[in-house]
Structure formats: structure tokens, C-alpha cells
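Convention: sequence-line order gives letters A, B, ...; per-chain numbering from 1.
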Amino acid sequence: KQEVTQIPAALSVPEGENLVLNCSFTDSAIYNLQWFRQDPGKGLTSLLLIQSSQREQTSGRLNASLDKSSGRSTLYIAASQPGDSATYLCAVRLDSNYQLIWGAGTKLIIKP
Amino acid sequence: GAVVSQHPSWVICKSGTSVKIECRSLDFQATTMFWYRQFPKQSLMLMATSNEGSKATYEQGVEKDKFLINHASLTLSTLTVTSAHPEDSSFYICSARDGYVETQYFGPGTRLLVL
């Protein structure tokens, strides 16, 4: 059974720092992996999607990497800003269907 | 980009009443829609998968008679929480799969509070 774990559960850093969020999964047979952002009481915003054949994706200050063999993905945020404060979720899509398996999220606080 | 809407965004109801939540894909046809539930400080839990014109597939532990799902058209799925109780209070999020681009788009969520 696929399980997705995110570490740390919460992170607080000063503005301007570069930071890394971690996501690990137990079964390497994934179709893709996606990082989302969720603001308090709101829905989800897709940030980056990495196909199983890819090793990384970049969007602005965000860079996500994928190492299928080790079951790990990282989300790198450069030059963090207070507006980056949110909960970041990773989710893997299984090979066989469109179901997403979710991590519990990392709550990020960027202090001004 | 593709947009998925949910209505209502907030609902407060008395215990024992039924609540219907709508999920619409606004500019694409969604052959598959997913319903999730999220409790405070927890991640999303998939409740059920619905395909247009067929019965929904429920995840283990989700009561299909309590959470009625109807996916009658390619742009609309509804989740009805029947005889709601306080423990059903949660944040319900739907997503819709655009088959042409193989992407899921998420709705903004519906917060349900059962008194």
C-alpha cells in the first residue's frame, strides 16, 4: 500500500532564506508526483507536477525534484517571502488509476 | 486555465438534516470527479470516485448510503451528506479530471458545520 510522508510537519524561517520541504513515498511505481499549496480554509493550488520519467520541474522560485528509486521528492523554495506561508502538500498518482495519495503536509511560516 | 467551482462554500446545518454540495467543471468536460474530506490539520482523504453516468466507487470506510454521489453530467457532480451529524463537520473538496490533458483540477472546497 502506497504511503506518503512529509517532513517536517511544520517549519518557520525568516524571510529571505532558501528552504527545502521533503516528501517520501513507499512504492516507486508512481505515475507522477505533484506539489500543492493550500492556504488556511481554502482549496488547493497546484504548484508543480513531475512525471515519473522526469527528475525535476521549475517554476519561478520553486524547484521540485523526484528520485523514484529512493522514493523521495523535494520542493525547494528560493528567497522565501511572507506570502509563501501556507501548507504544502505532496501527492502521488498511482500507475493504475487517477487516484492521488496525499501526504499530511508541511505548514510553512515565513517570518517578516 | 480550467476552473472547478463548488457550491456552497460554507454551510451550517442542524443535526439530522441533509446537505447537498455541488461540484462543477466550468470550461471542460470532467469524465471523472473525486470527492475528498479534510479534517483540521490533516491531509485530504479520498472519499469516492465518480464517473459520469455510472455509480460512484467509495473508499473503504466511507458509507455510500450516507454520502450520496451523483455524477449526472460531464460538468456536474453532487455530494449529499444525508442525516448529517456533528462528526460529519469537515472541509469537503472535489476535483475534476480533464481527460484531454490528464490533469486534475481542484475546487475551492466547502466547509460544513453540523450543529
Task: Enclosure of H85(B) NE2 (heavy-atom neighbours >12, cutoff 6.0 Å) - done: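 For H85(B), atom NE2 is crowded (more than 12 foreign heavy atoms under 6.0 Å).
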Task: NZ (K66(B)) with more than 12 external heavy atoms under 6.0 Å - done: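 Yes - once you tally the heavy atoms of other residues, nucleotides and ligands closer than 6.0 Å, there are more than 12.
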TODO: Give, as side chain, backbone, both or neither, the part of Q6(B) having an atom under 4.5 angstrom from any heavy atom of chain A.
DONE: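 Neither the backbone nor the side chain of Q6(B) comes within 4.5 Å of chain A.
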Task: Residue I93(B) versus chain A: region with a heavy atom under 4.5 Å - done: side chain
Task: Contact origin within L89(A) toward chain B - heavy atom pairs under 4.5 Å - done: side chain
- [ ] Tell me, for Q6(A) versus chain B, whether the close heavy atoms (under 4.5 Å) come from the side chain, the backbone, both or neither.
- [x] neither
Open item on the list: Quick check on the interface: out of Q42(B), E59(B), M45(B), who has the most heavy-atom pairs with chain A under 4.5 Å?
Closed with: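 It is E59(B).
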Open item on the list: Can you confirm whether Q38(A) sits close enough to Q38(B) that some side-chain heavy atom of one is under 4.5 Å from a side-chain heavy atom of the other?
Closed with: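 Yes, close enough: below the 4.5 Å cut-off.
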TODO: Kindly indicate, with the supporting measurements, whether the criterion side-chain contact (heavy atoms from CB on, under 4.5 Å) is fulfilled by L44(B) and L44(A).
DONE: CA-CA 10 Å; L44(B) 282 73; L44(A) 301 171; 3.7 Å; yes
Open item on the list: Taking G103(A)'s backbone N and O only, do any of them form a donor-acceptor pair with S43(B)'s side chain (distance below 3.5 Å, no angle check)?
Closed with: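 Such a contact is found between S43(B) side chain and G103(A) backbone.
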Going only through I, L, V, M, F, W and Y residues with side-chain contacts under 4.5 Å, is there a path from [X] to [Y]?
{"X": "L76(B)", "Y": "L79(B)", "result": "no"}
{"X": "Y92(B)", "Y": "V11(B)", "result": "yes"}
{"X": "M47(B)", "Y": "I101(A)", "result": "no"}
{"X": "L75(A)", "Y": "L19(A)", "result": "yes"}
{"X": "L100(A)", "Y": "L46(B)", "result": "yes"}

- [ ] Give a yes or no on whether the ring-centroid distance for F106(B) and W102(A) is below 6.0 angstrom.
- [x] yes
